[in-house]
Amino acid sequence: MNTKVRVRFAPSPTGPLHIGGVRTALFNYLFAKKNNGDFILRIEDTDQNRYVEGAENYIINSLQWCGITIDEGPNKPGKYGPYKQSERKDIYKQYVDTLIKTNHAYIAFDDAETLNLERKKYEQKGETFIYNWHNRLQMTNALTLSANEVQQKIENGDPYVIRFKNPENETLHLKDIIRGTIKIDTKVLDDKILFKSDGMPTYHLANIVDDHLMKITHVIRGEEWLPSLALHKQLYDAFGWETPQFAHLPLILKPTGKGKLSKRDGEKLGFPVFPLQWEDPKTKTIAKGYKEDGYFNDALINFLAFLGWNPGTEQEVFDLPSLIATFDLNKVNKSGARFDPEKIKWFNHQYMQTKNDDLLAKAFKSSKIELQEIDTNYIAMSIALVKERATFISDLWPLTHYFFKAPTSFDEKATKKAWKEDTSTLIVELISQLENLDFENKTAIESNVKAWINSKNIGFGKVMMPLRLALVGALQGPDVYDIMFMIGKNETLSRLKTAVNKL
């Protein structure tokens, strides 16, 4: 037994990496790192008809952005490469030949027309056509033809496939870490195609051979592969190889909870289903990505970890090291996990609160032309005062603009509420009070203004509301004294004078 845990994520480059694929990669990665193992990326590109230009790079870039680092893969070669199936195609023929020799597989020559006719016959009887033990002896294959006839057909260039020979009367006991033991009667299994006459293996054969040669110990994949488990287990047995442990992850469901989340759901409902933006090389249409929509990569990862897994505690916010430490495949649910676009916003909000203000300031500054000339430290200080109300970087401008620019207009409703007949007189008095004050810190400003209001024997609201309106242009924002300290004495006085003149 291989003692070192080795897992793999094996996507096909047929388009952008869906969020479900990222979740599969993440669970593989967490399991590997929890067990001091290796996480391998293998590109399964045997289906050349569906290959999409740029998809492979997109997969690699998406994993990098998500913080899922690979130990071996096309961009990080190791001793079990190559890591693209199209570069491994010479490997598979010897293995399928072994299966033929040991009577676990056979060559079949039935053409598409014959198979379609058979399908129609079954459909007329209200049955499903399955090519296996109960009809394979009526078909054109190596079980019904002599060795010479088979050889002759191959030499004539007749197209053929190689099928797995399912046993007729066996009950398979398949083990799954998440689902326990699954029983399957081999009678209901079809003799799946393993190899085509064009020299390319099907997914089933290539997958098993590659997993064996790459010493994969655990196969963690989506629930949609559960129907393949019986064949894959039998292939391991047929080769006499040790079977890895399997774990089939639950489906990610639509926000309604009904049906599997698809690529189209994001377009329809207005949320991304891809980690990064994707431009279709043929149609040039652009699909939204979480990165470009302003989500933090660690918020996305935290959200995805909870789609089908739960640590069994009240804690929900886990950074990547904590996820690795806590992750347990035995705590993955069998039932589907509902995708909730509001929940990922909640996670993004949580991560916004813990992000370093200087890093946020750099990102914020690069997103706004108005901030180009402003000191990054000053931007960071303003963000610290408002970020509890922000979910995205894009939320910061409406929350902070008054730190950088004086208001040019005043909210109508707020003005009616805050600016009364005697307000201008009060604010003029306040201006003369502030002119003699040193704005060295917030506390000095606060104690002075409070002392002045108390001496006037008036309610705080009579001064504080119009003061906020003059500084911000609306009744919003953090502590007024914070704003005054941040914008400084000259700017504070200038804004108060402007308000008196305009209002």
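All figures in this text were calculated on a predicted structure; none of them were measured in a lab.
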Any [X] side-chain heavy atom under 4.5 Å of [Y] side chain:
X    : Y    : result
V219 : Q245 : no
V317 : W346 : yes
H212 : V209 : no
F39  : T69  : no
M381 : M486 : yes
M484 : F439 : yes
K254 : S262 : yes
L496 : V428 : no

Please say whether more than 12 non-hydrogen atoms of neighbouring residues, nucleotides or ligands are located less than 6.0 Å from [atom1] in [X].
X    : atom1 : result
E53  : CD    : no
K33  : NZ    : yes
K334 : NZ    : no
K260 : NZ    : no

Does this structure show an ion pair linking [X] with [Y], if we count only N-O contacts that are shorter than 4.0 Å?
X    : Y    : value
E72  : R42  : no
E267 : R264 : no
K489 : E440 : no

Output every pair passing side-chain hydrogen bond (donor to acceptor under 3.5 Å, both in side chains) with a member in [range], not counting sequence neighbours, ordered by first then second residue.
range            : answer
residues 492-503 : E491-R495
residues 366-381 : K365-T376
residues 299-313 : N302-Y351
residues 407-419 : W419-S424

| task | Run the numbers on D45 and S86 for side-chain hydrogen bond (donor to acceptor under 3.5 Å, both in side chains), then give the verdict. | result | CA-CA 6 Å; D45 57 350; S86 56; 2.6 Å; yes
| salt bridge (charged side-chain N to carboxylate O under 4.0 Å, His left out) with D293: which residues, sequence neighbours excluded? |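 Testing D293 for salt bridge (charged side-chain N to carboxylate O under 4.0 Å, His left out), a comparison that skips the adjacent residues, returns K288.
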Would you say the side-chain atoms of [X] pair up with the backbone N or O of [Y], donor to acceptor, closer than 3.5 Å?
X    : Y    : value
N297 : W65  : yes
T217 : R6   : yes
N61  : N57  : yes
R23  : F306 : no
D328 : N330 : yes

Looking at residues at least two apart in the chain, or sitting in another chain, which of them share a side-chain hydrogen bond (donor to acceptor under 3.5 Å, both in side chains) with [X]?
X    : answer
D357 : K387
T354 : none
D176 : H248
N356 : none

| task | Evaluate side chain to side chain contact (heavy atoms under 4.5 Å, CB included) for L253 paired with L261, printing each intermediate quantity in order. | result | CA-CA 5 Å; L253 306 174; L261 181 76; over 6 Å; no
Grab the two heavy atoms, one from [X] and one from [Y], that are nearest each other, plus how far apart they are.
X    : Y    : answer
V386 : L399 : CG1-O, 3.5 Å
M464 : I453 : SD-CD1, 4.1 Å
V52  : P281 : CG1-CG, 3.8 Å
D71  : D38  : OD2-CA, 3.3 Å
P478 : Y402 : CD-OH, 3.0 Å
I177 : A247 : CB-CB, 4.1 Å

| request: Please report the C-alpha distance between D422 and K462 in whole Å, then the side-chain angles of each, then the deciding distance to 0.1 Å, and finally whether the salt bridge (Lys or Arg N to Asp or Glu O under 4.0 Å) criterion is met. | output: CA-CA 9 Å; D422 59 344; K462 270 183 93 77; 3.2 Å; yes
| query | W278 vs Y58 aromatic rings, parallel, tilted or perpendicular, using cut-offs 30° and 60°? | reply |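 Perpendicular, since the angle between the ring planes exceeds 60°.
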| said: I'd like to check the side chain to side chain contact (heavy atoms under 4.5 Å, CB included) partners of T425; sequence neighbours left out, ordered by chain and number. | reply: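 Not a single residue meets the side chain to side chain contact (heavy atoms under 4.5 Å, CB included) criterion with T425.
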| request: Using side chain to side chain contact (heavy atoms under 4.5 Å, CB included) as the criterion, list what pairs up with H204, not counting sequence neighbours. | output: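 Scan of H204 (side chain to side chain contact (heavy atoms under 4.5 Å, CB included), adjacent residues dropped) gives K192, L194, T202, S228, L231, H232.
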| Worked verdict on E242 versus Y236 for side-chain hydrogen bond (donor to acceptor under 3.5 Å, both in side chains) | CA-CA 7 Å; E242 180 152 13; Y236 277 103; over 6 Å; no
| Do W225 and Y203 make the cut of ring centroids closer than 6.0 angstrom? |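 Ring centres of Y203 and W225 closer than 6.0 Å.
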| message | Are F347 and F296, when compared by the centres of their aromatic rings, separated by less than 6.0 Å? | response |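 Not close enough - the centres of the two rings lie 6.0 Å or further apart.
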Name every donor-acceptor pair, under 3.5 Å, that has one atom in a side chain of residues 9-19 and the other anywhere in the protein, sequence neighbours excluded.
residue	atom	partner	partner atom	Å
S12	OG	E44	O	3.2
H18	ND1	G20	N	2.9

| Stepwise ring pair (Phe, Tyr, Trp, His ring centres under 6.0 Å) test for F271 and Y290 | CA-CA 8 Å; F271 59 84; Y290 275 95; 7.7 Å; no
| request: Apply side chain to side chain contact (heavy atoms under 4.5 Å, CB included) to the pair L213 and Y80, showing each step before the final yes or no. | output: CA-CA 7 Å; L213 295 177; Y80 298 99; over 6 Å; no
| message | Run the salt bridge (Lys or Arg N to Asp or Glu O under 4.0 Å) test on K442 and D482 for me, step by step, so that the C-alpha distance in whole Å, both residues' side-chain angles and the decisive distance to 0.1 Å come before the verdict. | response | CA-CA 6 Å; K442 173 191 163 179; D482 277 320; 3.5 Å; yes
